[in-house]
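Keep in mind that what you see is a predicted model, and the values were worked out from it rather than measured. Note that these values count all heavy atoms, side chains included, but never hydrogens, waters or copies made by symmetry.
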Amino acid sequence: MATTDEEASKTYPEMITEAIEALNDKNGSNKSAISKYMESKYGELPPAHSSLLTAHLARMKESGELLFVKNNYIRPGPDVPPKRGRGRPPKPKTALPPVSDLPSPRPRGRPPKPKDPLAAAVAKATAGLPRPRGRPPKVARPAGSLTAAPAAAAAAGGVVKRGRGRPPKVKPSLVSEAA
């Protein structure tokens, strides 16, 4: 029975570890043995004692405070490594060299394209000239060359340069057969 205020104010993990140490079984203590010890020692326990005990045992098992072997809970020994979390362990960190030896970091983004020396010279030469506004005017062609050029090139056996847009539909010549 709870005789002092110190025993009444103990938390569940403290009561669980005390019960496992007091029972002192080499194979560990199962949940029912821990529960019976707590009821005999502390007497008045909350109505949801069994679910609280289950939850705290599971939490202590996950955190590595208790080991669960063959349905029994055991306190881990001092030589047991700490329980590792889920996932891949982090890489070991290497010591960084002094700040003065570090190379300068690369600038962010895409590196600039190499400059063309000819384009730079042309840009420099035309920098002082003002450009007229709007689209530049079309270059005037000789008057007779618009329709005669493709026909002359075809007759000479050269390559015919096509005009813009869709070519006109070729109409078949009407040939009447004499019967």
Side-chain angles (χ1 to χ4, degrees), residues 1-128 130-131 133-136 162 164-167 169:
M1 297 290 174
T3 56
T4 64
D5 290 333
E6 184 180 307
E7 288 180 350
S9 65
K10 283 193 174 180
T11 62
Y12 259 83
E14 291 172 350
M15 291 191 283
I16 290 169
T17 54
E18 182 184 325
I20 291 172
E21 289 172 1
L23 292 170
N24 198 19
D25 191 3
K26 66 174 187 171
N27 295 329
S29 305
N30 60 14
K31 188 169 100 172
S32 63
I34 294 170
S35 178
K36 285 179 185 175
Y37 176 84
M38 289 170 67
E39 287 173 356
S40 67
K41 172 106 181 190
Y42 300 105
E44 293 295 320
L45 292 171
H49 165 68
S50 62
S51 61
L52 282 171
L53 180 64
T54 304
H56 282 282
L57 284 171
R59 189 176 305 139
M60 291 174 77
K61 181 176 68 168
E62 287 297 316
S63 67
E65 295 177 54
L66 296 177
L67 294 176
F68 188 65
V69 179
K70 295 184 181 177
N71 210 21
N72 291 330
Y73 294 93
I74 305 170
R75 298 251 345 211
D79 58 342
V80 176
K83 185 171 181 185
R84 191 172 66 79
R86 293 181 60 188
R88 186 175 183 157
K91 290 183 179 179
K93 295 185 179 182
T94 58
L96 294 175
V99 178
S100 62
D101 295 343
L102 289 176
S104 62
R106 292 191 317 180
R108 292 181 54 153
R110 188 177 184 141
K113 290 185 176 180
K115 302 286 184 191
D116 185 18
L118 182 62
V122 169
K124 187 176 180 183
T126 59
R131 293 181 83 178
R133 293 180 57 190
R135 186 175 180 148
R162 289 207 268 169
R164 291 179 46 173
R166 185 173 184 156
K169 193 170 191 180

Across all chains, not counting sequence neighbours, the side chain to side chain contact (heavy atoms under 4.5 Å, CB included) partners of Asp116 are Leu118, Ala119
On a heavy-atom basis, the closest approach of Ile34 and Ala19 is CG2-CB, 4.0 Å
For Glu18, the salt bridge (charged side-chain N to carboxylate O under 4.0 Å, His left out) test, sequence neighbours excluded, returns Lys10, Lys41
With sequence neighbours left out, the residues meeting ring pair (Phe, Tyr, Trp, His ring centres under 6.0 Å) with Tyr12 are His49, His56
- Do the side chains of Met15 and Leu53 get nearer than 4.5 Å, heavy atoms only? no
Exercise. Is there a side-chain contact between Leu45 and Leu52 (heavy atoms, below 4.5 Å)?
Worked result: no
Should Asp25 and Asn72 count as side-chain neighbours, where that means a heavy-atom distance under 4.5 Å? no
For Thr54, the side-chain hydrogen bond (donor to acceptor under 3.5 Å, both in side chains) test, sequence neighbours excluded, returns Lys31
Residues at least two apart in sequence or cross-chain that pass side chain to side chain contact (heavy atoms under 4.5 Å, CB included) with Ala33, listed by chain then number, are Leu23, Asn30
Residues 64-78 vs salt bridge (Lys or Arg N to Asp or Glu O under 4.0 Å), sequence neighbours excluded, gives Glu21-Arg75
Nearest heavy-atom approach of Gly64 to Pro76 is O-CG, 3.6 Å
